[in-house]
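Below is one structure, written out as structure tokens; comments come after it.
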Amino acid sequence: MQTISSLYTAHYEIKKSLFIAHLSPFNEFKNLLSALKKEHSKAVHFVWAYRFLNENHQIVEDKSDDGEPKNTSALPCLNVLRGKELVNVSVIVVRYFGGIKLGTGGLVRAYGEAVNLAVKEAILEPFELKEGVEFSLDFKTSSKMEHFLKKNNIAFQREFKETHIIFKLELSQKEKAEFESFSKTFSPQAFKILS
């Protein structure tokens with residue numbers, strides 16, 4: 001499986017209709033869709049599809065034809081994502097109608113081609129299954145932990161409490177093993193796993 005970590009855009013034009021495909025990480029999907037609807041207020045369709053892995057490690061898929069004839073737009077978009085084995089990825093295709101009807105076959109090809117062009121632009125990365133880890137740490141030892149996380153390029157979120165800090169991480173198997181080994185250097189009073 002593969003994924004992406006930034007936004008990629010591609011334009012495809014046929015018979016005066018313009019298709020603009022926006023391939024993005026799934027967690028940006030909702031914000032991107034509302035931003036595109038504001039930015040492209042004269043567009044006639046906002047077709048989308050996505051695939052993501054849920055907490056049970058199952059692939060969840062959804063799509064919307066947004067008024068285009070059934071299965072002529074969102075399904076071809078989803079099929080490109082499936083074909084490239086992309087997960088935690090969404091695609092939104094903004095369509096400007098050029099006045100000439102493309103027919104169902106023409107729509108299938110146009111939407112599929114727009115998404116294929118965006119995928120060709122994208123830097124595809126191997127998908128790593130990550131596990132959420134949450135722990136608390138006292139203030140005195142938190143800088144030691146932050147240094148370890150930054151040195152290993154592990155993204156983290158912090159929540160400051162009165163007596164401690166709560167850290168939230170997403171770790172691959174390799175990162176988890178290194179983290180567990182490092183966390184043994186803290187006293188049980190200072191470091192507590194929450195989930």
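The structure displayed is predicted, hence computed values, not measured ones. Along the sequence shown, the residues carry numbers beginning at 1.
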> Parallel under 30°, tilted from 30 to 60°, perpendicular over 60°: which one fits the rings of Y12 and F19?
Replying inline: tilted
> Relative to the ring of F26, is the ring of F29 parallel (under 30°), tilted (30 to 60°) or perpendicular (over 60°)?
Replying inline: parallel
List the residues meeting side-chain hydrogen bond (donor to acceptor under 3.5 Å, both in side chains) with [X], not counting sequence neighbours, and say none if there are none.
X    : answer
T72  : none
K144 : T185
K168 : none
E128 : none

From [X] [atom1] over to [Y] [atom2], what is the distance, rounded to the nearest 0.5 angstrom?
X   : Y    : atom1 : atom2 : result
Q2  : L124 : CD    : CG    : 4.5 Å
F97 : L102 : CZ    : CG    : 7.0 Å
T9  : I92  : OG1   : CD1   : 10.0 Å
S90 : R51  : OG    : CZ    : 13.0 Å

> How far apart are the C-alpha atoms of V94 and H22, what are their side-chain angles, what is the distance that settles it, and do they pass the side-chain contact (heavy atoms from CB on, under 4.5 Å) test?
Replying inline: CA-CA 8 Å; V94 178; H22 302 269; 3.9 Å; yes
State plainly whether one hydrophobic cluster holds both [X] and [Y], where clusters connect Ile, Leu, Val, Met, Phe, Trp and Tyr through side-chain heavy atoms under 4.5 angstrom apart.
X    : Y    : result
F160 : L137 : yes
L78  : Y50  : no
I4   : I20  : no
I166 : F186 : no
I59  : V89  : no

> F135: what forms a ring-ring contact (aromatic ring centres under 6.0 Å, His included) with it, not counting sequence neighbours?
Replying inline: F167, F179, F191
>> Taking ring-ring contact (aromatic ring centres under 6.0 Å, His included) as the definition, give me every residue that meets it alongside F127, ordered by chain and number, with sequence neighbours left out.
In response: none
> Would you find more than 12 non-hydrogen atoms of other residues, nucleotides or ligands less than 6.0 Å from E28 atom CD?
Replying inline: yes
Kindly list each side-chain donor-acceptor pair under 3.5 angstrom involving residues 106-123, sequence neighbours excluded, with atom names and distances?
{"unit_1": "R109", "atom_1": "NH1", "unit_2": "G105", "atom_2": "O", "d": "3.4"}
{"unit_1": "Y111", "atom_1": "OH", "unit_2": "E68", "atom_2": "OE2", "d": "2.6"}
{"unit_1": "N116", "atom_1": "ND2", "unit_2": "G112", "atom_2": "O", "d": "3.3"}

>> D138 vs Q189, test: side-chain contact (heavy atoms from CB on, under 4.5 Å). Steps then yes/no.
In response: CA-CA 8 Å; D138 67 11; Q189 294 79 22; over 6 Å; no
> How about S73 and V93: do any of their side-chain heavy atoms sit closer than 4.5 Å?
Replying inline: no
> For N79, what residues pass the side chain to side chain contact (heavy atoms under 4.5 Å, CB included) criterion, not counting sequence neighbours?
Replying inline: L75, R82
> Taking only residues two or more places apart in sequence, or in another chain, which ones meet Q58 in a side chain to side chain contact (heavy atoms under 4.5 Å, CB included)?
Replying inline: N54, N56
> Can you name the closest pair of heavy atoms from S5 and P25 and give their distance?
Replying inline: C-CG, 3.7 Å
>> To check you understand the geometry: which heavy-atom pair defines the closest contact between F148 and I154, and what is its length?
In response: CE2-CD1, 4.4 Å
Ignoring hydrogens and angles, write down the donor-acceptor pairs under 3.5 Å from the side chains of residues 31-49, residues two or more places apart or on other chains.
{"unit_1": "S34", "atom_1": "OG", "unit_2": "N31", "atom_2": "O", "d": "3.2"}
{"unit_1": "H40", "atom_1": "ND1", "unit_2": "Y96", "atom_2": "OH", "d": "2.7"}
{"unit_1": "H45", "atom_1": "ND1", "unit_2": "D66", "atom_2": "O", "d": "2.7"}

>> Under the salt bridge (Lys or Arg N to Asp or Glu O under 4.0 Å) definition, can you give me all pairs with a residue in residues 151-162, not counting sequence neighbours?
In response: E146-R158, E159-K161
> Which pairs pass salt bridge (Lys or Arg N to Asp or Glu O under 4.0 Å) with one or both residues in residues 180-195, sequence neighbours excluded?
Replying inline: K176-E180
>> Tell me whether R95 contacts the main-chain N or O of S17 through its side chain, where contact means a donor paired with an acceptor under 3.5 Å.
In response: no
> Taking T3 for the side chain and E125 for the main chain, is one N or O donor matched with an acceptor at less than 3.5 Å?
Replying inline: no
>> Quick one, N71 with K63, criterion side-chain contact (heavy atoms from CB on, under 4.5 Å). Give me CA distance, side-chain angles, the key distance, then yes/no.
In response: CA-CA 10 Å; N71 294 333; K63 60 186 175 25; 4.2 Å; yes
